[in-house]
2 protein chains.
Amino acid sequence: MDSETIKQIRKLVQEYAYSSIQMHEAVARRAGFSGTDHRYLGFLIERGQMTAGELSNLTGLTTGAITGLIDRFEKKKLVKRRFDKDDRRKVIIEPNIKSIMALFEPLYKDFRSMSEKLTASFTEKEIEIVRIYLTKSIGIMNETANKLDNR
Amino acid sequence: MDSETIKQIRKLVQEYAYSSIQMHEAVARRAGFSGTDHRYLGFLIERGQMTAGELSNLTGLTTGAITGLIDRFEKKKLVKRRFDKDDRRKVIIEPNIKSIMALFEPLYKDFRSMSEKLTASFTEKEIEIVRIYLTKSIGIMNETANKLDNR
DNA sequence: TTAAATATCTTAGACACTAAGATATTTAGC
DNA sequence: GCTAAATATCTTAGTGTCTAAGATATTTAA
């Protein structure tokens, strides 16, 4: 493999990350979220219900910040608080998938349609290459993040 | 193209975005940056010097926030302010590439090495597929972000 | 020459974050 | 069973970054 090619791909991956973040920020602004709340809703959608403490670990925010986060989401009826029946200290955050989706789906509609068209423009064999690339990259990024957070 | 495959890729792309953001956040924490400053330094590295106003447009922050941002970076000697010689109202932000790199490179070292190994594990033809996929995805994300920001 | 436009900075107030401690509940040792 | 320690979340005080509005400095255009 040409070292020039490797360099080119590295640059592309970096650009991809920035474009991705920019798009997420733009969506957040449109949905009326300040800062990072959009991302945390994403976690909740992706992983489903979790306790306040789990969300704290996942996001790196203190439990105090998480309390405020849940308050904001609850006020917008995007999540519900529920005490764990086996451990009443724990607060389970139940995302209201429907309301969250209804909020963001219109904003992602065009993106989704264009992305699907892009995927469909590849052959099955080609998209399998992309699939492998993405999967392994995700693994590498998670490993890096965990290492940096001493986990 | 199988609709199941398309769905799978969509999910993967989403997961990729979250892992990428998580890793960037972890790096930022380690480098001693609160919040979003890491990302803005990334813009400066990627695009090179720019005026305060350009950074304001790019980030969506007000000019007041940009003033504070540059102050923080300048205090850490990561950028320098310079007046544009043709228009002395403009403040050109000159990133100190060396100091910024020195700050982040150790944190990205392992990631970079793993990523390069991953890229090298594909054939030239395969990586060309990945290259096309990433390039077109970047285009789609930029278009989406611009549309949402009414640009 | 001067008014309008432009680019950045300043300031006051809003909001989310951390750190530390309070509260409520569970676990473990006796 | 009782009590101390541990755990999970919430509360509070203080900090930092953001926006909105207006100030300042410079350029452009009439």
Side-chain angles (χ1 to χ4, degrees), chain A residues 21-22 24-26 28-44 49-76 78-95 149-150, chain B residues 21-22 24-26 28-44 49-76 78-95 149-150:
Chain A
I21 291 173
Q22 287 282 82
H24 277 83
E25 288 279 308
R29 273 193 291 276
R30 272 301 182 111
F33 284 102
S34 65
T36 50
D37 287 7
H38 173 213
R39 180 158 83 254
Y40 303 141
L41 276 176
F43 287 137
L44 281 166
Q49 66 172 47
M50 61 179 81
T51 67
E54 281 164 359
L55 191 56
S56 167
N57 285 326
L58 191 61
T59 57
L61 297 181
T62 59
T63 59
I66 295 295
T67 299
L69 191 72
I70 304 172
D71 287 347
R72 291 195 296 280
F73 289 162
E74 208 172 31
K75 203 176 288 175
K76 292 187 179 182
L78 297 175
V79 308
K80 262 198 179 142
R81 268 188 175 90
R82 185 164 58 74
F83 287 109
D84 187 324
K85 73 174 179 20
D86 297 326
D87 184 345
R88 292 182 46 74
R89 290 169 305 179
K90 288 185 180 169
V91 165
I92 295 179
I93 313 164
E94 274 186 333
D149 286 338
N150 297 316
Chain B
I21 291 173
Q22 286 283 80
H24 278 82
E25 287 280 308
R29 273 194 291 276
R30 272 303 183 107
F33 284 102
S34 64
T36 49
D37 286 8
H38 173 212
R39 181 158 83 253
Y40 303 142
L41 275 176
F43 286 137
L44 281 167
Q49 67 170 46
M50 61 180 81
T51 67
E54 280 163 1
L55 191 57
S56 168
N57 285 326
L58 192 62
T59 58
L61 297 180
T62 59
T63 58
I66 294 297
T67 299
L69 191 73
I70 306 173
D71 287 347
R72 292 196 295 281
F73 289 160
E74 208 172 30
K75 203 177 286 175
K76 291 186 180 181
L78 298 175
V79 308
K80 261 197 180 143
R81 269 189 175 88
R82 184 164 60 74
F83 287 109
D84 187 323
K85 74 174 181 14
D86 296 325
D87 183 345
R88 291 182 46 75
R89 292 169 305 178
K90 289 187 180 167
V91 166
I92 294 179
I93 313 164
E94 273 187 334
D149 286 338
N150 296 316

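Naming: A, B, ... by sequence-line order, numbering from 1 per chain.
- D84(B) places its CG atom 12 Å from the C1' atom of dT27(D), with the value rounded to the nearest Å.
- With sequence neighbours excluded, the residues satisfying side chain to side chain donor-acceptor pair (under 3.5 Å) with R72(B) are D37(B).
- If you take CZ of R88(B) and P of dT26(D), they are 6 Å apart, rounded to a whole angstrom.
- In this view, R89(A) and D87(A) satisfy the side chain to side chain donor-acceptor pair (under 3.5 Å) rule, not counting sequence neighbours.
- In terms of position along DNA chain C, the nucleotide closest to G60(A) lies nearer the 5' end than the nucleotide closest to the other residue of the pair K85(A) and G60(A).
- Sorted by first and then second residue, the pairs that involve residues 50-71 of chain A and meet salt bridge (Lys or Arg N to Asp or Glu O under 4.0 Å), not counting sequence neighbours, are D71(A)-R81(A).
- When the side-chain nitrogen and oxygen atoms of R72(B) are compared with OP1 and OP2 of dC18(D), one or more of them lie within a distance under 4.0 Å.
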Scan nucleotides 4-11 of chain C nucleotide by nucleotide, 5' to 3', and note B when protein non-hydrogen atoms come under 4.0 Å of the base, S if they reach only the sugar-phosphate, - if neither. -BBSBBB-
Using side chain to side chain contact (heavy atoms under 4.5 Å, CB included), reason through D149(A) and R29(B) one step at a time and then give a plain yes or no. CA-CA 9 Å; D149(A) 286 338; R29(B) 273 194 291 276; 3.2 Å; yes
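- Going from atom CZ of F73(B) over to atom P of dT17(D) covers 10 Å, rounded to whole Å.
- Taking atom CZ on R39(B) and atom P on dT17(D), their separation rounds to 15 Å, with Å as the unit.
- Scored by the ring pair (Phe, Tyr, Trp, His ring centres under 6.0 Å) test, Y40(B) finds no partners at all (sequence neighbours excluded).
- Evaluation of the side chain to side chain contact (heavy atoms under 4.5 Å, CB included) rule for R88(A) yields F83(A) as partners, not counting sequence neighbours.
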